[in-house]
Number of protein chains: 2
Amino acid sequence: MNIGEVSERAGLPPKTIRYYEDIGLVRPLRSDNGYRAFRESDIHKLAFLGRARTLGFSIEDCRTLLDLYEDESRESAQVKSVAKEHLTAIDRKIAQLKSMRQTLSHLVDACQGDYRPDCPILEDLAKGS
Amino acid sequence: MNIGEVSERAGLPPKTIRYYEDIGLVRPLRSDNGYRAFRESDIHKLAFLGRARTLGFSIEDCRTLLDLYEDESRESAQVKSVAKEHLTAIDRKIAQLKSMRQTLSHLVDACQGDYRPDCPILEDLAKGS
DNA sequence: CTAAGGCTTCCAGTTGCGGGAAGCTCAAGA
DNA sequence: TCTTGAGCTTCCCGCAACTGGAAGCCTTAG
């Protein structure tokens, strides 16, 4: 199967698929004409990767997860460990964004947003919190 | 004032300060020996930038905000507009992260995390939800 | 036979810096 | 006075995870 159809079926842009091959996440065969020839297993892997990426896993995490997926002798604890670390990273990011949101929304509320130059937002930025 | 002391006072690494000069956010003078010579106003700008960055504004937003800050004839509506757009971007990111968090925490909870290979996390990634 | 579309590779750009090399300058100690 | 050592300079590479675009081959329909 050529990259275009694979792209549709796996839900990933061709560019991304080529990139994943570059970094060794998938290893499609090649046809005589030089085109990539994907097997069902490749599509399956790509869909796996797409799903893992939407959950926010890094490429390296994806590599690890894919390896574990294909390792019959894996222990689920290994998978859980990767997922838990990612979860705490997500929590950190959420906390950080919420903190920004908090400050920023106060400032936005305090700003008149009219034709006059006076602005609490700029005043805050200028003198630190 | 040399870059080292400015770095301490503005709370930004020297590398970052040089980068900000590269992209035209600050324009320190130069001493005869070629060293950057920062004025108080430069430090003030750098602190402004540092604060804006911790609130998550992009460099381009920072440039805009700095321009507005120095523009006596600004209208606070312009500032508020930039801040509001950033705020909605933050809200989008928070929503996305929360969605990831939701899915991921369910999966993590469902995984035994023991020596056995069976794993709901991998199963989910494999078949998509 | 030709044109369009799909495929290939390769290179550059994105965001916001950080690391490190090579080399100049300056201040302090033997 | 000479020599360190720290601090400064520029320059270029690398990161994550792609995306866009150029140049060129392959295939298929008209």
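Numbers restart at 1 for each chain; the letters A, B, ... are given by sequence-line order, proteins then strands. Note that the structure is a prediction, hence the values are computed from the model and not measured.
Separating the CZ atom of B/R53 from the P atom of C/dT15 is a distance of 11 Å, rounded to the nearest angstrom. For the pair A/Y19 OH and C/dC10 P, the computed distance is 16 Å after rounding to whole Å. A straight line from CG of B/D22 to P of C/dG18 spans 13 Å, rounded to a whole angstrom. Counting to the nearest Å, the C1' atom of C/dG6 and the CE atom of A/M1 are 16 Å from each other. Per the geometry, CG belonging to B/L46 stands 12 Å off P belonging to C/dC17, to the nearest Å.
Checking B/F57 against A/F38, the closest nucleotide of DNA chain C that is more toward the 5' end is the one next to A/F38. Comparing A/N33 and A/P13 by the nucleotide of DNA chain D that holds the closest heavy atom to each, the one mapping nearer the 5' end is A/P13.
The ring pair (Phe, Tyr, Trp, His ring centres under 6.0 Å) check on A/Y20 picks up nothing, with sequence neighbours excluded.
Residue B/Y35 places no side-chain N or O under 4.0 Å from the OP1 or OP2 atom of C/dC24. Between B/R63 and C/dG16, a side-chain N or O to OP1/OP2 separation shorter than 4.0 Å is absent. Here B/R18 does not reach the OP1 or OP2 of C/dC17: none of its side-chain N or O atoms lies under 4.0 Å away.
You can see that DNA chain D meets the heavy atoms of chain B within a 4.0 Å-exclusive cut from D/dG7 to D/dC11, reading 5' to 3'.
A salt bridge links A/R9 to A/E40: at least one charged side-chain nitrogen sits closer than 4.0 Å to a carboxylate oxygen. A salt bridge does not link A/K80 with A/E85: none of the charged nitrogens is closer than 4.0 Å to a carboxylate oxygen. The existence of a salt bridge linking B/E21 and B/R18 is excluded, since no basic side-chain nitrogen approaches an acidic carboxylate oxygen closer than 4.0 Å. A salt bridge is defined here as a Lys NZ or Arg NE, NH1 or NH2 lying under 4.0 Å from an Asp or Glu carboxylate O, and A/D42 with A/R27 fails to meet this definition.
Relative to the axis of its first five pairs, the axis of the last five pairs of the helix from C/dC1-D/dG30 to C/dA30-D/dT1 sits at 30°, rounded to 10 degrees.
Shown here for A/S31 and A/A37, the closest heavy-atom pair between the two residues is OG-CB, 3.6 Å.
Across C/dT25, C/dG19, C/dT8, the shortest atom-to-atom separation from the side chain of B/K15 is found for C/dG19. In this structure, the nucleotide among C/dG16, C/dC26, C/dC7 sitting nearest to the side chain of A/I3 is C/dC7.
Between B/S76 and A/D114, the side chains place a donor N or O and an acceptor N or O closer than 3.5 Å (distance only, hydrogens not considered).
Without hydrogens or angle criteria, B/R74 side chain to A/P117 main chain gives a donor-acceptor distance under 3.5 Å. For the pair A/R53 (side chain) and A/F57 (backbone), a donor-acceptor distance under 3.5 Å is present.
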